[in-house]
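Structure first, then comments.
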Protein chains: 2
Amino acid sequence: MNDFTSPGDHVKHIAESTVRRLSLYLRFLEDHDAQGHVTISSGELAKFGGTTSAQVRKDLSFFGSFGKRGMGYTVKDLMSAIREILGLGRSWSVVIVGAGKIGAALAQYRGFSTRGFKVVGIYDADPAKIGTPLNSLTVCPDSALESDIARLKPEIVVLCVPPEAAQTLVDRVTGAGIRAILNFASVPLQAPEGVTIRAVNMAAELEILTFGITNELNGLDEDVEP
Amino acid sequence: MNDFTSPGDHVKHIAESTVRRLSLYLRFLEDHDAQGHVTISSGELAKFGGTTSAQVRKDLSFFGSFGKRGMGYTVKDLMSAIREILGLGRSWSVVIVGAGKIGAALAQYRGFSTRGFKVVGIYDADPAKIGTPLNSLTVCPDSALESDIARLKPEIVVLCVPPEAAQTLVDRVTGAGIRAILNFASVPLQAPEGVTIRAVNMAAELEILTFGITNELNGLDEDVEP
DNA sequence: CCTTGTGAATCGTTTCACAGCC
DNA sequence: GGCTGTGAAACGATTCACAAGG
């Protein structure tokens, strides 16, 4: 079936973990398609995504039924179905705020464009950084943020500023109409109703690792190096 | 009782979400301490971490009991308790593999050192990149990876290589003794038993955002209790 | 045979509610 | 009175198991 977006469909709440797995499945489907495979089973998708076939089928079942019993899924059909589900059937404009190390790296990150995300501007408050060329972009003064958001109408802001500046910038960009923010500052942020913020917190990821190592040594039966 | 590592206690499994919140609490406690506050309640911690006071107390209860009824927690004591829980009571050596945009940015990221993570090497397979200075480090040839891991004994590898190279490098560094990996390549990786891998997948984060925006527009509304 | 799609059962996490203590 | 610590209840996600259909 291909009517996964039946009109008037009332979508129940979808878990973040489900959406994250769909993103993984899509990546695998693209590889699989490039290698010339035509169909794929939930079990193969599961092996790649580090999950189970039942989980794959359950994830997809929230949005429709895309496979054929006894056959599996048609790779190309499932790819475009997941693209549609994730909202990748269109292109998205992204503005990066903060042209430090991370912001500058992201401005040049190819992963954005290959997925339909177009970086349309990068901003910084530091006069020394303004005018720096990054790929086809130039760092703009952050005083131009509101007017540029009004003009370019980006959907997403990627925040790469120091923690102490982050909340002020959330307030400014949401005031200018932004409703989706990806936050690289390692501080929790508050946004008005209707604005989605996702955090990428490298410090937390590292600490989850060190927690894991530390606990292994304390609790499990692994040998300790002298 | 302050002994969150009671002897003979076999540590039950701690949820990743709990560890992530502990990391947030710690950040808030550091701020709070710097501002001269001496005590803090679970409710205050909860407000910062975007959770509930019961959740804060439950998170801490897995490790011991750190507060005083009627009083709350002593900021400094709770800080050092959480540091100990997360394994931050020591310093950690980190090796970065891949000196592209992201790897180079991370090599210069101050967030590492302020938390006790010391970057001791950065490696790349591209001859053009070898010798590039980054802060106090120089990009080394990835052929030196195994011998340097044996010599420097880093605990953590941060992987910033293209997806197609990532699995090979996991195999190499785990073979050389690494047991914790932070993966920035947007591909799932397999590692032997006893090795922890955490993934930071920017593409997935962006797609969770676009899924959210797309679904909102489709008319999913959330009723809030007054 | 084969594999999907899905209600039911299981498992894990969060929230509730209150006893215990300052 | 105020706040922690914690079993019990509620909730949500994953896994099971099987009917349905190529």
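Only a predicted model underlies this, so the values are computations on that prediction, with no experimental measurement involved. Residue numbering restarts at 1 for every chain, and letters A, B, ... go by the order of the sequence lines.
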Step-by-step salt bridge (charged side-chain N to carboxylate O under 4.0 Å, His left out) determination, B:R90 to B:E155: CA-CA 12 Å; B:R90 48 163 290 184; B:E155 291 85 13; 2.7 Å; yes

Nucleotide [N], atom [atom2] - distance to [atom1] of [X] in whole Å:
X	N	atom1	atom2	answer
A:D59	D:dT15	CG	P	10 Å
A:M71	D:dG21	CE	C1'	11 Å
B:K58	D:dC3	NZ	C1'	16 Å
A:Y25	C:dT4	OH	P	12 Å

Donor/acceptor link under 3.5 angstrom from A:R69 side chain onto base of C:dT3: no

Side-chain H-bond candidate by donor/acceptor type, A:Q35 with A:D31, under 3.5 Å: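 No donor-acceptor contact under 3.5 Å links the two side chains.
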
Salt-bridge criterion met for B:K76 and B:E30 (N-O under 4.0 Å):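 Looking at B:K76 and B:E30, the cut-off is not met.
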
Touch class at under 4.0 angstrom, heavy-atom based, for A:S17 against every strand present: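 Sugar-phosphate contact only.
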
Interatomic spacing from CG in B:D59 to CD1 in B:I82 - rounded to 0.5 Å: 9.0 Å

Candidate nucleotides D:dT14, C:dT4, D:dT4, ranked by approach to the side chain of A:S42 - the nearest: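 Selected nucleotide: C:dT4.
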
OP1 or OP2 of [N] sitting under 4.0 Å from any side-chain N/O of [X]?
X	N	value
B:S65	D:dT4	no
B:Y73	D:dG5	yes
B:Q55	C:dT15	yes

